[in-house]
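Report on the structure given below.
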Amino acid sequence: MKNLKKSEKIIYFILFVIMIVLFIVIGKHDFSDPEMNDHKKFAEEYNLVPEKNVFKYANNSETYAALKNGNVIVLFGFPKNAFTAAYANLVNEVALECKIDEILYYDFYQDRKNNNGTYESIVNYLGNYLYKTDNNKVDLTAPSMVVVKDGSIMYYDNETSYTYRDITSDDYWTLYNKDLKKTTFKSVFTKYKENKNGK
């Protein structure tokens, strides 16, 4: 009788250990598709952009590494900026049309605020393409986008990053302005896809 109780305790202990291990394994496993996660998250952050989008989140280190790698499109923005959603939607529409698979999205707001070192490296990389801010400092502004091909910046756009002071996003993005911007994006994305690294 004592042996039966002892064996029951051992069985219960083993089952308990197995359950703990399963909880740990299941808790650490990410069952979601990380790419779909980014698309859904982006659509939730920017309600003008559909869930079918090309954006992949990147932190400061990933963004800098991708820029230095030489073939990438990066959208710079942050949700508090009133113009980023409409701009991102235009970028996404044309990217899908041009069969661009992925555009990195870097929310630089906190890094700029904290004067992060890697953020500063990104600013230095973009150099002369950036305007000086009100406090006479060169910084990223939102929304903006850079297209880097074969190690060179082939396109940088921050046209609407200063417009918000004078006009709302809805008023700025008239049908004419949308068509003009989409035509520019289409030309840039088409050139970006042509013969990258001689391929």
Side-chain angles (χ1 to χ4, degrees), residues 38-39 42-43 45-58 62-64 66-109 112 122-133 138-199:
D38 277 0
H39 302 319
F42 196 87
E45 265 193 305
Y46 295 105
N47 62 351
L48 296 179
V49 180
E51 198 171 316
K52 184 180 180 184
N53 65 70
V54 296
F55 299 108
K56 179 182 177 186
Y57 284 76
E62 292 162 339
T63 301
Y64 185 60
L67 290 169
K68 295 297 279 181
N69 191 41
N71 286 297
V72 70
I73 303 172
V74 182
L75 171 70
F76 302 102
F78 51 88
K80 289 181 182 179
N81 177 271
F83 268 74
T84 301
Y87 186 88
N89 188 48
L90 291 175
V91 170
N92 185 60
E93 278 182 34
V94 181
L96 289 172
E97 187 183 333
C98 294
K99 299 191 179 354
I100 299 287
D101 297 324
E102 180 181 282
I103 293 178
L104 292 187
Y105 165 67
Y106 172 42
D107 177 345
F108 62 88
Y109 183 80
R112 182 176 68 182
I122 294 168
V123 168
N124 289 336
Y125 175 82
L126 294 171
N128 295 331
Y129 291 92
L130 305 179
Y131 295 127
K132 286 185 178 177
T133 59
V138 176
D139 259 325
L140 283 175
T141 50
S144 55
M145 181 175 66
V146 65
V147 180
V148 180
K149 179 179 175 180
D150 297 334
S152 299
I153 296 172
M154 64 171 283
Y155 179 75
Y156 184 79
D157 178 44
N158 61 357
E159 175 192 335
T160 59
S161 64
Y162 293 99
T163 310
Y164 69 88
R165 296 172 188 168
D166 307 314
I167 191 171
T168 67
S169 177
D170 288 340
D171 288 338
Y172 180 82
W173 288 115
T174 61
L175 191 58
Y176 175 79
N177 282 344
K178 282 182 184 177
D179 286 345
L180 198 62
K181 187 59 78 178
K182 283 163 81 172
T183 300
T184 302
F185 287 165
K186 188 170 183 179
S187 172
V188 171
F189 291 166
T190 302
K191 284 177 188 168
Y192 173 75
K193 288 197 73 173
E194 286 172 359
N195 303 314
K196 281 194 291 183
N197 289 324
K199 293 178 184 175

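Because only heavy atoms are used, hydrogens play no part in the values below, and waters and symmetry mates are left out as well, while side chains stay in.
- For N53 (side chain) and N92 (main-chain N/O), no donor-acceptor pair under 3.5 Å exists by modelled atom type.
- In this structure the side chain of P50 reaches within 4.5 angstrom of the side chain of N89, judged on heavy atoms.
- In this structure, V49 and A85 approach most closely via the heavy-atom pair CG2-O, 3.9 Å.
- The closest side-chain heavy-atom distance from P143 to N81 is below 4.5 Å.
- Residues I103 and K56 have side chains not in contact (no heavy-atom distance under 4.5 Å, counting atoms from C-beta outward).
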Going through the checks in order, is the side-chain contact (heavy atoms from CB on, under 4.5 Å) test met by E102 and V54? CA-CA 5 Å; E102 180 181 282; V54 296; 5.7 Å; no
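- Y46 has its side chain out of reach of F55: every pair of non-hydrogen atoms, C-beta onward, lies at least 4.5 Å apart.
- Taken from OH in Y57 to CG in L104, the straight-line distance is 12.5 Å, to the nearest 0.5 Å.
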Criterion side-chain hydrogen bond (donor to acceptor under 3.5 Å, both in side chains) on D157 and Y87, from CA distance to verdict: CA-CA 11 Å; D157 178 44; Y87 186 88; 2.6 Å; yes
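- Ring planes of Y129 and Y156: tilted class, angle from 30 to 60°.
- Closest of all the heavy-atom pairs between N71 and K149 is OD1-CA, 3.4 Å.
- Side chains of Y125 and K68 form a contact here, defined as non-hydrogen atoms less than 4.5 Å apart.
- Put simply, the side chain of H39 never gets that close to the backbone of E51: no donor and acceptor are under 3.5 Å apart.
- Environment of CG in D171: crowded, with over 12 heavy atoms of neighbouring residues, nucleotides or ligands closer than 6.0 Å.
- At distances below 3.5 Å, at least one donor-acceptor pair connects side-chain atoms of T184 with backbone N or O atoms of L180.
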Stepwise side-chain contact (heavy atoms from CB on, under 4.5 Å) test for F83 and W173: CA-CA 10 Å; F83 268 74; W173 288 115; 4.0 Å; yes
K99 and K193: side-chain contact (heavy atoms from CB on, under 4.5 Å), yes or no, with the steps? CA-CA 9 Å; K99 299 191 179 354; K193 288 197 73 173; 3.6 Å; yes
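- Aromatic ring orientation, F185 versus F189: parallel (interplanar angle below 30°, classes split at 30° and 60°).
- Taking all atoms of both residues into account, the shortest heavy-atom contact from T63 to A58 is OG1-CB, 3.5 Å.
- Nearest approach of A82 to S169, heavy atoms of both residues: O-CB, 3.7 Å.
- By the salt bridge (charged side-chain N to carboxylate O under 4.0 Å, His left out) test, K182 pairs with E93, sequence neighbours left out.
- Within the 4.5 Å cutoff, no side-chain heavy atoms of V138 are placed close to those of Y131.
- Between the side chain of D179 and the main chain of K181, no donor-acceptor pair closer than 3.5 Å is present.
- How far OG1 of T190 is from CD of E97: 8.5 Å, rounded to the nearest 0.5 Å.
- Between Y106 and L75 there is no side-chain heavy-atom pair separated by less than 4.5 Å.
- Considering only heavy atoms from C-beta on, R112 comes within 4.5 Å of F78 through its side chain.
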Go through the steps for I122 and L67 under the test side-chain contact (heavy atoms from CB on, under 4.5 Å), then give the verdict. CA-CA 8 Å; I122 294 168; L67 290 169; 3.9 Å; yes
Give the intermediate values and the outcome of salt bridge (charged side-chain N to carboxylate O under 4.0 Å, His left out) for residues D139 and K132. CA-CA 7 Å; D139 259 325; K132 286 185 178 177; over 6 Å; no
Please step through side-chain hydrogen bond (donor to acceptor under 3.5 Å, both in side chains) for the pair Y105 and E45, ending with a clear verdict. CA-CA 12 Å; Y105 165 67; E45 265 193 305; 4.6 Å; no
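- Annotation for A66 and V72: closest pair O-CG1, 3.6 Å, computed over non-hydrogen atoms.
- Interatomic distance, L126 CG to N158 CG, rounded to the nearest 0.5 Å: 10.0 Å.
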